[in-house]
There are 2 protein chains.
Amino acid sequence: MDIEEGTPPQRLRALPSRLTNQAALAANRIVDRALAEAGVRRYHYALLAASEEYGPSSQAALGRRTGIDRSDMVATVNDLAERRLLDRAPDPEDRRRNIISITAAGRRELTHLDGLLAVAQEDFLAPLGAADRRTLADLLTRLVDHHRAEQG
Amino acid sequence: MDIEEGTPPQRLRALPSRLTNQAALAANRIVDRALAEAGVRRYHYALLAASEEYGPSSQAALGRRTGIDRSDMVATVNDLAERRLLDRAPDPEDRRRNIISITAAGRRELTHLDGLLAVAQEDFLAPLGAADRRTLADLLTRLVDHHRAEQG
DNA sequence: CCCTGTCGTTGGTGACGCCAACGTTGGCCC
DNA sequence: GGGCCAACGTTGGCGTCACCAACGACAGGG
């Protein structure tokens, strides 16, 4: 069994953290390419999805849901508000807050993006069967939950 | 079962690509913190490891092994050569190439980093037992190999 | 000898994930 | 009511990673 030209060193191949990172890189490449078709980045999708599922919320609350930093949230909301996919309005009951709501156009765009993402996931998971996909999701979920609880 | 404050939207939670990315983020945070103890970044470790395992090689060859871009390789080699962990010498047989070799100090540093990384992996994989870890590594390897073959 | 390709290098780009600081505003406790 | 602390949006910045285009130097094949 020859060592191929591009084979990483054993030290790196045996590193679960690197394996995870390489898989994430592949996933992100595929997802980013899909979202780019719609002129959108991952942050945009995450924000639209959170906005749709939790209804009108403050930027800070949406940030907590999506893991997007408050400062990055500003720019992301700017982008989507400019395209009329989100609405940003001051909260009359708490003047510190902005109330972010998804628009009808935003919902349509979200549905469209869902379609693109479904294809992307299929691409990413292509080599795995249904049972393996469930196993993978389960294992990753346990890891992510553990590290979220540990210090989030 | 209440929905916690920081719970991501179902759309995001159900996305394998995002799950993978979140796991990779957790892994990278842990690994970066560990390597930072030694004043080192992931690129540095990858390059040292490749250099040790494959012996004297050109920068381009090491780049292919590690997945580091030729342009980023320059700076990474600069860093490590400056610390005398690597040696950079022109190849007399092909004047386009530099021959990169790991030094004795580099080997010692690599051993040290291996120790730090072992702890980090244990941290990252803490919630999983031995069998689960093997399963995870297997699934991720299949994904990574697939996407490397597909277009690498 | 020309052509093609590789090599190292420079310079630049973009997304992501962060952090610090500020002024504004709310809520709480004395 | 006054004081204090916490949360909010915003600005501005940072570092890493991953990538791309272009260049001059050089090697090798036709």
Side-chain angles (χ1 to χ4, degrees), chain A residues 5 12 17-18 20-36 39-47 57-64 66-79 81 86 88-100 147-148 151-152, chain B residues 5 17-18 20-33 35-36 39-47 57-64 66-79 81 86 88-100 147-148 151-152:
Chain A
E5 163 76 354
L12 298 186
S17 61
R18 171 164 240 254
T20 309
N21 198 39
Q22 295 295 308
L25 276 181
N28 288 337
R29 263 191 296 263
I30 293 172
V31 164
D32 289 351
R33 202 185 317 267
L35 292 180
V40 155
R41 287 171 290 120
R42 291 205 300 280
Y43 274 14
H44 293 139
Y45 176 78
L47 181 48
S57 321
S58 71
Q59 295 180 194
L62 292 171
R64 261 171 258 125
T66 54
I68 300 178
D69 188 90
R70 298 207 315 283
S71 60
D72 301 314
M73 186 60 67
V74 176
T76 311
V77 171
N78 284 348
D79 289 347
L86 287 185
R88 175 197 261 144
D91 184 341
E93 291 180 4
D94 185 342
R95 309 227 305 284
R96 292 172 303 180
R97 290 190 168 99
N98 291 335
I99 296 181
I100 309 301
H147 292 291
R148 266 172 47 98
Q151 172 207 18
Chain B
E5 162 76 356
S17 62
R18 172 166 240 258
T20 308
N21 198 38
Q22 295 295 307
L25 276 180
N28 288 337
R29 263 191 296 263
I30 293 171
V31 165
D32 289 351
R33 202 184 316 267
L35 293 180
V40 156
R41 286 173 291 118
R42 292 206 296 283
Y43 273 15
H44 293 140
Y45 177 76
L47 180 47
S57 321
S58 72
Q59 296 180 194
L62 292 171
R64 261 170 257 127
T66 54
I68 300 179
D69 189 273
R70 295 207 318 282
S71 60
D72 301 314
M73 187 60 68
V74 177
T76 310
V77 172
N78 285 346
D79 290 347
L86 286 186
R88 176 197 260 144
D91 184 343
E93 291 181 5
D94 185 341
R95 307 228 306 286
R96 291 171 303 176
R97 293 190 167 99
N98 291 334
I99 297 182
I100 309 301
H147 291 292
R148 267 173 47 99
Q151 172 208 15

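Predicted, not measured: the structure shown is a model, and the values here were computed from it. Chain naming here is simple, since letters A, B, ... match the order of the sequence lines and numbering starts at 1 in each. What you see below is based on every heavy atom in this structure, not just the backbone, and it leaves out hydrogens, waters and symmetry mates.
- Remark: P of dG12(D) and CG of Asn78(A) are 12 Å apart, rounded to the nearest angstrom.
- dA22(D) atom C1' lies 11 Å from atom CZ of Arg70(B), rounded to whole Å.
- At the heavy-atom level, Asp69(A) lies under 4.0 Å from base atoms of the strands shown.
- Taking the nucleotide of DNA chain C with the nearest heavy atom to each of Ser71(A) and Arg95(A), the more 5' of the two is matched to Ser71(A).
- Annotation: side chain of Arg41(B) is in contact with side chain of Asp79(B) (closest heavy-atom distance under 4.5 Å).
- Among the protein residues, Ile68(A) comes within range of no part of the nucleic acid, since none of its heavy atoms lies under 4.0 Å from any strand.
- Asn21(B) comes within 4.0 angstrom of the backbone, heavy atoms only, and of no base.
- In this structure, Ser58(B) reaches the sugar-phosphate backbone alone: every heavy-atom distance under 4.0 Å involves primed, P, OP1 or OP2 atoms, never a base.
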Exercise for review: List the steps, then state whether side-chain hydrogen bond (donor to acceptor under 3.5 Å, both in side chains) holds for Arg97(A) with Gln59(A).
Suggested key: CA-CA 8 Å; Arg97(A) 290 190 168 99; Gln59(A) 295 180 194; over 6 Å; no
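- For dT16(D), neither phosphate oxygen OP1 nor OP2 lies less than 4.0 angstrom from any side-chain nitrogen or oxygen of Arg42(B).
- Computed from coordinates, the Arg29(A) CZ to dA18(D) P distance equals 9 Å when rounded to whole Å.
- Taking atom CG of residue Asn98(B) and atom P of nucleotide dA27(D), one finds them 13 Å apart after rounding to whole Å.
- Looking at which nucleotide of DNA chain D each of Leu25(A) and Ser57(A) is closest to, the 5′-most match is held by Ser57(A).
- In the 5' to 3' direction, nucleotides of DNA chain C lying under 4.0 Å from heavy atoms of chain A begin and end at dA15(C) to dG26(C).
- The distance from atom CD of Glu93(B) to atom C1' of dA25(D) is 18 Å, rounded to the nearest whole Å.
- No contact: Asp32(B) has no heavy atom under 4.0 Å from any strand.
- No hydrogens or angles considered: nothing links the side chains of Asn98(A) and Asp91(A) as a donor-acceptor pair under 3.5 Å.
- Residue Asn28(B) is classed as having no contact, given no heavy-atom separation below 4.0 Å to the nucleic acid.
- Considering only heavy atoms from C-beta on, His44(B) stays 4.5 Å or farther from Leu35(B) through its side chain.
- Rounded to an integer number of Å, the gap from NE2 of His147(B) to C1' of dA18(D) is 17 Å.
- Salt bridge Arg42(A)/Asp32(A): present, at least one basic N to carboxylate O contact under 4.0 Å.
- Where Asp72(A) and Ile99(A) each meet DNA chain D at their nearest nucleotide, the meeting point lying more 5' is that of Ile99(A).
- Contact of the Met73(B) side chain with the Thr66(B) side chain is registered, since non-hydrogen atoms from C-beta on lie closer than 4.5 Å.
- Side-chain N or O atoms of Asn28(B) include one that pairs as donor or acceptor with a backbone N or O of Ala24(B) at under 3.5 Å.
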